[in-house]
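Please read the structure below before turning to the comments.
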Protein chains: 2
Amino acid sequence: MSGKRGKSKSEGFRLKGRVWIEGREGTFLGYGRVVLLERIKQFGSISEAAKSMNMSYRHAWELVDSMNRQVKNPLVETATGGKGGGGARLTEAGEKAIEAFWKLYRDFNEFLEKTDKSIKFT
Amino acid sequence: MSGKRGKSKSEGFRLKGRVWIEGREGTFLGYGRVVLLERIKQFGSISEAAKSMNMSYRHAWELVDSMNRQVKNPLVETATGGKGGGGARLTEAGEKAIEAFWKLYRDFNEFLEKTDKSIKFT
DNA sequence: TTTCGTTATTCCCATCTGTATATTACGACT
DNA sequence: AGTCGTAATATACAGATGGGAATAACGAAA
């Protein structure tokens with residue numbers, strides 16, 4: 001291939017992918033959910049975490065609720081009312097989940113990079 | 001874990017994922033597209049291929065068109081009119097694409113299975 | 001008991017994806 | 001020339017997804 005210049009029409013392909021943990025109700029942990037957990041840890045509040053991700057509170061709350069429903073020990077504990085109106089904090093299980101997912105995520109990206117090089121189409 | 005019986009609330013997690021090839025316009029090849037290519041090869045027609053997958057002809061045609069737009073040598077050649085009204089056939093490049101994807105797909109599933117076992121949450 | 005900010009929950013709406021449907025273009029064969 | 005079945009294309013519709021706004025519940029602190 002390759003004329004003197006100009007993009008070949010089949011240039012620039014790259015391997016992409018997603019991984020997630022699935023539970024009884026469907027997705028349990030994925031990239032977005034883990035980032036959300038981290039923001040909750042950082043801000044101590046679902047609403048602040050959501051805002052920082054440009055995500056609606058409604059959506060964030062549903063994700064948290066979905067995760068908590070699928071485990072015996074919740075990943076996030078919430079409190080309504082009280083000082084500051086309430087808040088949310090990450091549990092031990094939440095911390096473990098974050099760690100476990102990033103480990104998986106790194107392994108997966110490694111796989112993607114390695115595999116990407118060995119692909120030939122035309 | 002495990003009480004005498006009954007499902008633990010954190011049972012049954014499994015790793016899932018998707019991989020695809022991305023080109024200039026977004027997705028170029030993924031699982032569904034490859035199955036579609038195989039059906040086109042089998043039936044010699046986009047409409048029959050679509051029907052066999054419970055997919056609308058419109059959608060199938062758009063997928064084929066999207067794939068063809070992103071390469072110099074089309075994966076599918078179509079003919080309008082003529083014997084039987086026309087049809088579609090897989091090109092050499094189409095065959096290669098199928099092969100390449102399944103190879104990738106197998107490697108990915110291997111990764112998933114291997115990785116799934118090494119994950120601990122709680 | 002009043003205040004306050006967050007969680008919890010409910011509606012309505014915009015957007016997106018794909019379906020269903022209808023119409024036209026096409027060209028080898030009879 | 002007429003027939004036939006598929007490709008090609010446009011339009012209207014349905015369902016799912018998430019956003020935004022509105023409201024109620026909550027409980028510690030003043």
Side-chain angles (χ1 to χ4, degrees), chain A residues 16 18 20 22 25-71 74-91 94, chain B residues 16 18 20 22-23 25-70 74-91 94:
Chain A
K16 300 201 68 174
R18 295 260 166 96
W20 65 92
E22 193 147 319
E25 301 187 5
T27 301
F28 166 62
L29 259 193
Y31 181 91
R33 289 171 186 234
V34 169
V35 171
L36 178 60
L37 290 179
E38 290 186 328
R39 300 296 175 94
I40 289 174
K41 174 180 181 178
Q42 178 182 355
F43 293 106
S45 144
I46 295 180
S47 64
E48 283 299 310
K51 187 187 306 178
S52 81
M53 297 176 68
N54 262 22
M55 177 186 292
S56 68
Y57 171 79
R58 180 181 179 270
H59 188 43
W61 183 86
E62 277 172 355
L63 294 180
V64 169
D65 195 47
S66 162
M67 290 186 272
N68 280 344
R69 274 198 313 266
Q70 302 188 55
V71 288
L75 307 189
V76 174
E77 278 179 353
T78 61
T80 74
K83 184 179 73 175
R89 60 172 283 277
L90 223 56
T91 66
Chain B
K16 301 203 68 174
R18 296 262 165 94
W20 65 92
E22 193 146 320
E25 302 187 5
T27 301
F28 167 62
L29 259 194
Y31 181 90
R33 290 171 185 233
V34 169
V35 172
L36 177 61
L37 290 179
E38 291 186 328
R39 300 297 175 94
I40 289 173
K41 174 181 182 178
Q42 179 181 356
F43 294 106
S45 143
I46 294 179
S47 64
E48 283 300 312
K51 188 187 305 178
S52 80
M53 297 175 68
N54 263 21
M55 177 186 291
S56 67
Y57 170 80
R58 181 178 180 272
H59 187 43
W61 182 87
E62 277 173 355
L63 293 180
V64 169
D65 195 47
S66 162
M67 289 186 272
N68 279 343
R69 275 198 312 267
Q70 302 189 55
L75 306 190
V76 175
E77 277 179 354
T78 61
T80 75
K83 184 178 74 174
R89 59 172 283 276
L90 224 55
T91 66

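Note that the CZ atom of B/Arg39 and the CD1 atom of B/Ile46 stand 15.0 Å from one another [nearest 0.5 Å]. Summarising the geometry, atom CZ belonging to A/Arg89 is positioned 11.0 Å from atom OG1 belonging to A/Thr78; distances are rounded to the nearest 0.5 Å.
Listed nucleotides D/dG18, C/dA8, D/dA8 differ in distance to A/Thr78; the shortest reach to its side chain belongs to C/dA8. Each of C/dT7, D/dA7, C/dT10 was ranked by its minimum atom distance to the side chain of B/Thr80; first place goes to D/dA7.
Taking atom CD of A/Glu62 as the reference point, atom P of D/dG18 lies 8 Å away to the nearest angstrom. Atom OH of A/Tyr57 is separated from atom C1' of C/dA8 by 6 Å (rounded to the nearest Å). With rounding to whole Å, A/Ile40 atom CD1 is found 13 Å from C/dT6 atom C1'. D/dA7 atom P lies 14 Å from atom CZ of B/Arg89, rounded to whole Å. If you take CE of A/Met53 and P of D/dG18, they are 13 Å apart, rounded to a whole angstrom. Between B/His59 atom NE2 and D/dC13 atom C1' the separation is 17 Å, expressed in whole Å.
For D/dA8, the OP1/OP2 oxygens have a side-chain nitrogen or oxygen of B/Trp61 closer than 4.0 Å.
In terms of polar N and O atoms assigned as donor or acceptor, the side chain of B/Arg58 never comes within less than 3.5 Å of the base of C/dT21 in a complementary pairing.
Under a 3.5 Å cut-off, the side chain of B/Ser45 and the backbone N or O of B/Ala88 do not form any donor-acceptor pair. Between the side chain of B/Arg33 and the backbone N or O of B/Thr27 there is at least one donor-acceptor pair closer than 3.5 Å.
When each of A/Met55 and A/Gly85 is assigned the nucleotide of DNA chain D bearing its nearest heavy atom, the one mapping closer to the 5' terminus is A/Met55.
Between the side chains of B/Gln70 and B/Ser66, at least one donor-acceptor pair of N or O atoms lies under 3.5 Å.
With respect to A/Glu38 and A/Lys41, no salt bridge is recorded, no charged nitrogen being found less than 4.0 Å from a carboxylate O.
At a non-hydrogen distance threshold of 4.0 Å, A/Ser45, A/Ile46, A/Ser47 from residues 44-51 of chain A come into contact with DNA chain C.
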